[in-house]
Amino acid sequence: MISKDVEKLLLKVQKPGRYVGGEMNEVIKDKRNVDTRFAFCFPDTYEVGMSHLGMKILYSLFNSVDYIWCERVFAPWVDMEEEMIKHNIPLYALESGDPVSEFDFIGFTLQYELSYTNMLNMLKLSGVPIKSCDRTELKNIVVAGGPCTCNPEPIADFVDLFFIGEGEEVDLEVIDLFRDCRKNNCSKQEFLEKCAHIEGVYVPSLYEVEYNESGTIKSFTPKGDAPKVIHKRLMKNMDESYYPDNFVVPNIEIIHDRAVQEIFRGCIRGCRFCQAGFIYRPVREKSPETIDAQCHTLCENTGYDEVSLSSLSSSDYSQIVPLLDRLSNWSKDENISISLPSLRVDGFTDEIMDKIKTVRRSGLTFAPEAGSQRMRDVINKNVKEEELLNTCATAFEGGWNTVKLYFMIGLPTETLDDVAAIAKLGQAVVDTYYKCPTRKKGKSVRVTVSASSFVPKPFTPFQWEPQDTIDTIHNKQQHIKDSITTKKIQFNYHDADTSLLEAVFARGDRRLCKVLERACEKGFHFDGWNECFSLEKWIDIFEECGIDPAFYANRRRSFDEILPWDHIDYGVTKDYLITECKKAYESQTTPHCRLKCNNCGAAKYGEGVCFEKRKNLV
């Protein structure tokens with residue numbers, strides 16, 4: 001419940017629905033009946049955070065425990081932040097309206113590097129010290145999870161502990177340890193030292209880093225009996241993994257305003273630029289029966305008329321057609337639409353198309369990632385141009401006339417001919433539409449070509465590769481524009497300035513903490529939004545701190561260099577990633593996990609795709 005002071009501000013801001021709570025299915029508990037309060041903070045706007053599946057899962061999981069009350073906190077947009085500062089109102093949680101500073105845990109999910117300034121700004125707005133060393137009591141424990149914890153070093157000074165891997169089990173183990181430590185009057189330091197021995201927990205203050213004169217890392221040393229390597233946590237049986245039976249239903253429109261059902265985790269493909277495809281290995285599927293039951297329950301409890309089947313590549317679900325058959329048994333009668341947002345070019349069949357032609361039809365989205373076959377081989381996309389065009393023909397014959405194609409530019413070994421091939425492939429899709437004999441007369445095709453800039457990420461075969469400079473990216477963007485010769489193609493591209501900053505923090509080390517601290521002092525926030533981002537201001541801070549961003553973004557690393565994240569184990573071995581990187585230089589592809597086990601290391605978990613054909617092997 002929001003305070004009267006907050007109520008007075010709502011008429012002065014856009015979208016006051018972001019700040020009031022009171023939604024259907026929100027969880028309200030009596031504070032007298034809980035002993036651990038968890039502020040789940042999403043470092044972006046309400047509309048973005050409320051669309052995030054991980055938040056939905058953990059919010060419901062925590063609140064299913066009697067003694068935990070988990071509440072939601074989002075970053076206030078610029079107008080609301082100004083009013084809160086002006087009227088001395090601290091950042092608060094939506095359910096109770098209580099200040100974040102009153103919570104035992106302040107948890108952040110870190111989905112993208114450009115949210116780091118929002119994380120620090122949210123602590124600042126809460127009146128909570130941003131640095132871990134300045135929070136000395138056993139309260140306001142700042143924790144973080146999500147894909148950015150692959151390399152937690154650029155924010156190591158601010159977070160008390162990181163959750164490495166999947167959080168459903170490890171989060172609750174830490175909360176239970178916290179309760180025991182508080183009961184026994186342990187200090188915060190004692191609590192953190194005990195946490196370090198829970199698998200999947202990384203406590204950065206228990207490690208020391210030394211640097212070479214060249215600026216590279218010389219050594220990474222644990223203090224006391226902290227483990228040398230932190231191993232990720234993994235949910236092995238997805239059917240038994242917790243999944244909510246309802247979601248908080250927002251009062252305002254959000255980015256993805258629909259029910260979401262996770263059908264599997266991981267990816268079999270091994271695209272060499274894709275961090276998610278490696279850190280979530282191995283693939284672990286839910287059964288069609290479980291998915292079907294959970295989808296139906298979600299729709300009944302939320303009132304949504306669309307279910308999105310969530311995964312990294314929905315058409316790689318091994319029982320996709322039987323699943324869609326099951327879902328159609330009730331979805332058609334109840335006027336509920338089923339969407340598959342992550343389809344591969346080689347996975348869109350007539351059968352799948354017929355199944356998803358339900359209540360509404362939106363444009364189809366595919367990600368060839370590169371225009372030329374050589375580049376698709378370099379990145380191990382394993383998709384041929386003929387497959388893309390056949391898939392588009394299938395869609396056009398089925399009544400679609402809108403296709404979105406996603407590409408990357410700046411990939412390792414890329415030439416201007418490879419860049420121009422993006423426009424040529426878009427043109428080939430346009431031509432395919434007009435060759436379609438069954439297309440609806442009088443309707444034209446719309447092809448959107450989107451090009452993002454390659455950002456080398458930890459735990460990928462390209463983690464050693466340099467990012468293209470901003471000038472080079474601009475030249476490549478212009479080359480695509482110049483190569484497009486039809487108005488049927490709309491070209492969108494990602495800002496190269498923000499990609500540079502993303503690359504700096506993706507592969508940065510602890511020396512970047514002082515950069516982020518200075519950015520917080522200067523009021524930086526919403527760096528993922530064009531309205532707030534200024535590369536010029538960031539460059540000023542880097543210079544002020546004596547740090548060259550090119551050292552992190554545009555430098556090729558050697559295979560024997562100690563990387564800032566080498567003490568963290570996500571299951572895929574460094575030797576395997578090196579082998580894949582070398583194969584990229586030779587344009588050699590690697591078959592996906594169901595065709596052949598390539599011994600990446602993920603089989604050590606004893607579950608998932610690694611054991612579909614050899615369940616009796618260890």
Side-chain angles (χ1 to χ4, degrees), residues 1-34 36-52 55-56 58-60 62-63 68-109 115 117-130 139-140 142 246-257 302-303 520 523-526 529 531-532:
M1 181 181 294
I2 60 170
S3 68
K4 290 184 178 180
D5 290 336
V6 172
E7 272 188 43
K8 294 175 184 176
L9 306 183
L10 297 180
L11 292 176
K12 301 180 181 181
V13 301
Q14 291 183 341
K15 299 187 179 181
R18 292 167 164 167
Y19 311 110
V20 297
E23 308 99 324
M24 185 175 96
N25 295 333
E26 76 169 1
V27 178
I28 302 295
K29 294 188 178 184
D30 188 332
K31 286 188 281 189
R32 294 169 297 184
N33 297 331
V34 297
T36 305
R37 300 188 67 186
F38 194 108
F40 199 124
C41 302
F42 195 97
D44 211 316
T45 62
Y46 176 92
E47 296 94 314
V48 177
M50 284 292 289
S51 302
H52 181 241
M55 187 176 208
K56 298 175 193 289
L58 293 176
Y59 176 83
S60 295
F62 291 169
N63 283 318
I68 302 172
W69 187 11
C70 178
E71 302 183 49
R72 296 163 298 139
V73 184
F74 301 97
W77 185 245
V78 177
D79 53 357
M80 183 63 170
E81 181 183 329
E82 288 176 358
E83 294 297 329
M84 290 170 68
I85 293 172
K86 190 188 303 182
H87 295 88
N88 200 29
I89 293 172
L91 187 63
Y92 59 89
L94 289 185
E95 279 74 8
S96 65
D98 290 343
V100 170
S101 59
E102 294 184 7
F103 285 73
D104 300 303
F105 285 90
I106 303 171
F108 290 90
T109 178
S115 69
T117 50
N118 268 8
M119 179 187 78
L120 299 185
N121 193 49
M122 289 171 77
L123 291 174
K124 182 179 173 184
L125 290 173
S126 304
V128 174
I130 66 168
K139 68 172 188 176
N140 295 162
V142 175
N246 63 36
F247 292 161
V248 178
V249 180
N251 290 331
I252 64 172
E253 187 175 353
I254 61 175
I255 304 296
H256 301 302
D257 206 359
T302 61
C520 182
F524 282 31
H525 56 188
F526 289 104
W529 296 70
E531 300 95 315
C532 299

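Atom OH of Y19 sits about 11.5 Å away from atom OH of Y46, to the nearest 0.5 Å. Taking CG from L125 and OG from S101, the interatomic distance works out to 12.0 Å, rounded to the nearest 0.5 Å. Note that CD of E71 is 3.5 Å distant from OG of S96, once rounded to the nearest 0.5 Å. The OG1 atom of T45 sits 14.0 Å away from atom CE of M80, with the distance rounded to the nearest 0.5 Å.
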Query - Residues R72, E23; criterion side chain to side chain contact (heavy atoms under 4.5 Å, CB included); working and verdict - result: CA-CA 12 Å; R72 296 163 298 139; E23 308 99 324; 2.7 Å; yes
Query raised in the report: Hey, mind stepping through K8 and H87 against side chain to side chain contact (heavy atoms under 4.5 Å, CB included) and telling me if it holds?
Result: CA-CA 10 Å; K8 294 175 184 176; H87 295 88; over 6 Å; no
Report task. Could you give me the CA-CA distance, side-chain angles and deciding distance for Y59 and F40, then say whether ring pair (Phe, Tyr, Trp, His ring centres under 6.0 Å) is met? Result -> CA-CA 7 Å; Y59 176 83; F40 199 124; 8.1 Å; no
Query raised in the report: Can F38 and L58 be said to form a side chain to side chain contact (heavy atoms under 4.5 Å, CB included), step by step?
Result: CA-CA 11 Å; F38 194 108; L58 293 176; over 6 Å; no
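Considering every non-hydrogen atom in both I28 and E26, the closest pair reads CD1-OE2, 3.4 Å. Considering every non-hydrogen atom in both D104 and R37, the closest pair reads OD2-N, 2.8 Å. Closest heavy-atom contact between I106 and C41: CG2-SG, 3.8 Å. Pairing each heavy atom of I252 with each of G17, the nearest pair is CG2-CA, 3.9 Å. Nearest heavy atom pair, residue V142 against residue L123, reads CG2-CD2, 4.0 Å.
Looking at S51, its side chain does come within 3.5 Å of a backbone N or O of I255 through a donor-acceptor pair. In terms of modelled atom types and a separation under 3.5 Å, the side chain of N25 and the main chain of T302 share no donor-acceptor contact. Looking at N118, its side chain does come within 3.5 Å of a backbone N or O of F526 through a donor-acceptor pair. Between the side chain of D44 and the backbone N or O of G49 there is no donor-acceptor pair closer than 3.5 Å.
Scanning for side-chain contact (heavy atoms from CB on, under 4.5 Å) contacts around S126 gives L91, V100, V128, with sequence neighbours left out. Legend: residues meeting ring pair (Phe, Tyr, Trp, His ring centres under 6.0 Å) with F247, ordered by chain and number and at least two apart, are absent. F524 meets the ring pair (Phe, Tyr, Trp, His ring centres under 6.0 Å) test with W538; sequence neighbours excluded. Listed by chain and number, the residues in a ring pair (Phe, Tyr, Trp, His ring centres under 6.0 Å) with H52 are F42 (sequence neighbours excluded). Take K12 and apply the salt bridge (charged side-chain N to carboxylate O under 4.0 Å, His left out) test, not counting sequence neighbours, and it matches no residue.
No side-chain heavy atom of V73 sits under 4.5 Å from any side-chain heavy atom of F103. Between V78 and H525 the shortest side-chain heavy-atom distance falls below 4.5 Å. Inter-residue side-chain proximity for P250 and D257 is flagged as met; some heavy-atom pair is nearer than 4.5 Å. Annotation: side chain of V20 is not in contact with side chain of V6 (no heavy-atom distance under 4.5 Å).
By the 30° and 60° cut-offs, the orientation of the rings of W529 relative to W77 is tilted.
For the pairing with F74, the side-chain contact (heavy atoms from CB on, under 4.5 Å) check across R18, M55, M122 returns one residue only, M55.
Atom CG of D30 has more than 12 neighbouring heavy atoms from other residues, nucleotides or ligands inside a 6.0 Å radius. In the displayed structure, E253 atom CD is contacted under 6.0 Å by at most 12 heavy atoms of other residues, nucleotides or ligands. For K139, the NZ atom sits in a loose shell: 12 or fewer heavy atoms of surrounding residues, nucleotides or ligands are nearer than 6.0 Å.
Here salt bridge (charged side-chain N to carboxylate O under 4.0 Å, His left out) pairs that include residues 84-94, with residues two or more places apart or in two chains, are E83-K86.
A salt bridge is absent between E95 and K29: the closest approach of a Lys/Arg side-chain nitrogen to an acidic carboxylate oxygen does not fall below 4.0 angstrom.
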